[in-house]
Amino acid sequence: MIHPKIPLAQSIIEIFRAKGIQNIIISPGSRNAPLTIGFSNHEYFNCYSIADERSAAFFALGIAQQTLKPTAVVCTSGSALLNYYPAFAEAFYSQIPLIVVSADRPSSKIDIGDGQTIRQENVFANHSLFNANLTELAFDENDLLINEAITIAVVQKGPTHINAPFEEPLYEVVNELSHHPKVINATATEMPVTDLGFYVNSWNSAPKKLVLIGGLHPNDIEQSILNQLGTDSSVVVLTEVTSNVHHPNFITNIDALITPFSATDFEQFRPDVLITIGGMIVSKRIKTFLRNYQPKEHWHIDELRAYDTFGCLTHTVTTSPNHFFTELFQQTQSVQSNYLKDALQVRQYRAMKHEVYLEKIPFSDLKAFDAILSAIPNKFSLQISNSSPIRYAQLFSIHPNITVFCNRGTSGIDGSTSTAIGAARGSNRPTVCISGDIGFLYDSNGLWNNYIPKDFKIIVINNGGGGIFRILPGHEENETFHTFFETSHCLTAEHLAKMYGFKYQIASDENSLQSGLNQLFHQNDKPFLLEVFTPTLQNDKILLDYFTELA
C-alpha cells in the first residue's frame with residue numbers, strides 16, 4: 001500500500017481510519033498532497049474531489065447531516081481554508097460533526113512573505129470546539145491532539161480544526177508506515193436528570209404546557225413519547241417543518257395558527273410552562289409571541305446546549321428528550337385542561353380558511369409551494385434553502401414519510417444546494433432541493449460536482465430577486481430596494497443546468513407546474529432541475545393577505 005512519507009500525514013490518515021472516519025472531501029492543492037496521496041490510495045476511505053472549498057465544506061456538511069458521523073474536508077494552505085468558514089459555522093450551530101484538516105507551511109514560513117501563506121492556527125476559534133495545532137516533529141503530542149479533535153467532534157456534535165504543517169518535498173511515498181500512531185477511544189454517557197421532583201410538580205400543576213420542537217433528525221424522539229405528548233389535554237405541541245416528528249394533534253403550521261391572534265388570544269395561549277426541544281426556530285412570530293407573553297417557566301432539553309431564545313429560560317435539562325420524558329412520565333399525571341382542545345379548534349378553522357384562500361388566488365409563490373409540497377413522493381428527503389422557501393414551507397403540512405432538512409444553524413443562503421447534494425450522497429433516500437433563485441445562483445458552484453446522484457432533483461423558485469425583502473418592514477419600490485435588497489435580476493438556471501448535465505424544465509402556471517412536477521419525480525436517469533417562475537410584484541401582497549384571510 002502507498003503511504004505518504006511524512007510521518008505527520010501518516011498519523012492523521014491512520015487515526016482517521018481507526019476511528020471510523022470514511023468520508024473525505026478533498027479540494028485540489030499542493031501543500032495538502034501528503035494527505036491527498038494517503039487518503040486516496042487507501043481502500044477504506046470514500047474520497048471526493050471538489051474544487052471549490054466553500055462548496056466542498058457544505059457538501060461534507062450534508063453527508064455528516066445524514067450519516068451522523070464525522071466527515072472531513074481537506075485543503076491546501078492559504079485562503080483555501082477561509083472558504084470553509086460558512087459551513088464550519090453552520091456545523092457549530094446545527095451540531096453537526098465536521099472536521100477540517102488544513103495543510104499549512106511550517107511556522108518558520110509564516111509572515112515572511114512566502115506565497116499562499118496566512119495565519120492558519122485557530123482561524124475558526126470563535127466557532128471551533130477544538131483546535132489541534134500540530135507541529136512537524138512532536139509525534140506523540142500530535143497523535144493526542146488528532147484523537148482529541150475527533151473525539152470532541154463526535155461527543156460534542158460539532159466542528160473541529162486540525163492544522164498540519166508540511167515541509168517540502170510533499171509528494172514522496174513509502175510502502176510501509178514509518179510511524180504507528182496511538183489511537184485513543186472514548187465513549188459518551190447518558191447524563192442523568194437531576195431534581196426530577198421539581199419537573200414532576202410543575203408538570204402536574206400546569207394546565208397549559210407548550211412544547212415547541214425545532215430541527216431534529218428523524219427518529220430522535222421515540223414515537224411512544226410523542227404519542228403521550230400528543231394526547232395530553234394540557235399540552236400543545238408546536239412543530240417546525242424541520243422537526244421530523246409527527247402526531248395527528250401536533251400543530252405544524254405555527255405562523256398560520258398565531259399570526260391572526262388578537263391580544264386576548266395571545267394572552268389565552270400564553271403557556272404556564274414552555275418546553276423547547278431541537279435546533280434553531282424558524283418562525284419569527286413564535287419568537288415574538290414568547291418574548292412578549294413569557295411563560296412562568298421555560299425548560300430546554302438538550303444534551304449539549306441551551307439558548308435563551310425568548311429571554312425567559314429558567315431550567316436547562318442536560319440529557320436527551322427520550323431519557324427525560326421516559327423518567328418524567330413515570331411520575332406525572334394528567335391535568336384537566338382545554339388547552340389542546342382550544343388550539344385544535346383554531347387549527348381546524350385556519351385549515352379551512354387556508355384551503356379557501358388557495359382556491360381563489362392566482363399563480364404565485366404560495367400557490368406553487370402548495371403544489372410542490374403535495375407532489376413530493378413518500379420516502380423522499382427534502383432539503384429546503386433559507387430565506388423565503390423555508391418560510392413558505394412552514395405554512396403547509398408535509399407527509400410524515402418525507403424527511404425535511406434546512407441549514408438553520410446560521411440561516412444562510414450560501415450552501416443550500418451543496419448541502420443537499422452532500423445529503424443525497426450520504427443518505428439512502430432520493431432527494432429534492434427547493435431553493436430560491438438568489439440562493440441557487442449564490443451557490444451555483446454546488447453543481448460543479450461529479451458525485452450528484454442521478455435521481456437528485458432541484459426546484460428553483462424564480463421570482464426575480466430576494467422575495468423575502470418584499471414582506472419585511474421598510475419595503476419601498478425604488479432603485480435602492482431593487483438593487484441592494486431585492487437584488488433584482490433577469491437570470492435563469494437554464495444554461496447552468498445544461499452545463500452541468502441536468503435535465504431542465506420550466507413552469508410558469510399551474511398546468512405547466514403540475515406537468516413539470518410529474519416529469520421531475522418520474523425521471524431518474526439524470527439529475528433534474530425544474531425552474532418555476534412566479535410574479536415578482538404579486539407574491540408579497542398574496543402572502544400578506546393570506547394571514548389576513550386566516551382570521
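Predicted model, so just to flag it, every value in this text is computed and none were measured.
With ring centers used as reference points, Phe59 lies under 6.0 Å from Tyr48.
Judged by distance alone, with hydrogens and angles left aside, the side-chain atoms of Lys157 form no donor-acceptor pair with the main-chain N or O of Leu68 at under 3.5 Å. Using modelled atom types, one side-chain atom of Asp302 and one backbone atom of Arg305 make a donor-acceptor pair closer than 3.5 Å. Proximity of a side-chain donor or acceptor of Thr431 to a complementary backbone N or O of Arg429 within less than 3.5 Å is detected. With hydrogens and angles disregarded, a donor-acceptor distance shorter than 3.5 Å links the side chain of Asn244 to the backbone of Leu216. Side-chain atoms of Asn378 never come within 3.5 Å of backbone atoms of His399 as a donor-acceptor pair (strictly under, hydrogens ignored). Side chain of Gln223 to backbone of His246: a donor-acceptor contact under 3.5 angstrom is found. Under a 3.5 Å cut-off, the side chain of Gln66 and the backbone N or O of Ala423 do not form any donor-acceptor pair.
Phe139 and His179 have tilted rings, their planes meeting at an angle from 30° to 60° on a 0 to 90° scale. Taking the six-membered ring where tryptophan is involved, the planes of Phe380 and Phe521 are perpendicular, since the angle between them exceeds 60° and thus also 30°. Ring orientation note: the planes of His42 and Phe45 are nearly perpendicular, at an angle over 60° on the 30°/60° scale.
Applying the salt bridge (charged side-chain N to carboxylate O under 4.0 Å, His left out) test to Arg105 and every residue at least two apart in sequence or in another chain returns Asp114. With sequence neighbours excluded, the residues forming a side-chain hydrogen bond (donor to acceptor under 3.5 Å, both in side chains) with Asn131 are Ser128, listed by chain and number.
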>> Would Thr419 and Asn407 count as a side chain to side chain donor-acceptor pair (under 3.5 Å) here? Give the steps.
In response: CA-CA 8 Å; Thr419 302; Asn407 287 345; 2.9 Å; yes
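Counting all heavy atoms, side chain and backbone alike, Ile118 lies closest to Asp104 at O-OD1, 4.4 Å.
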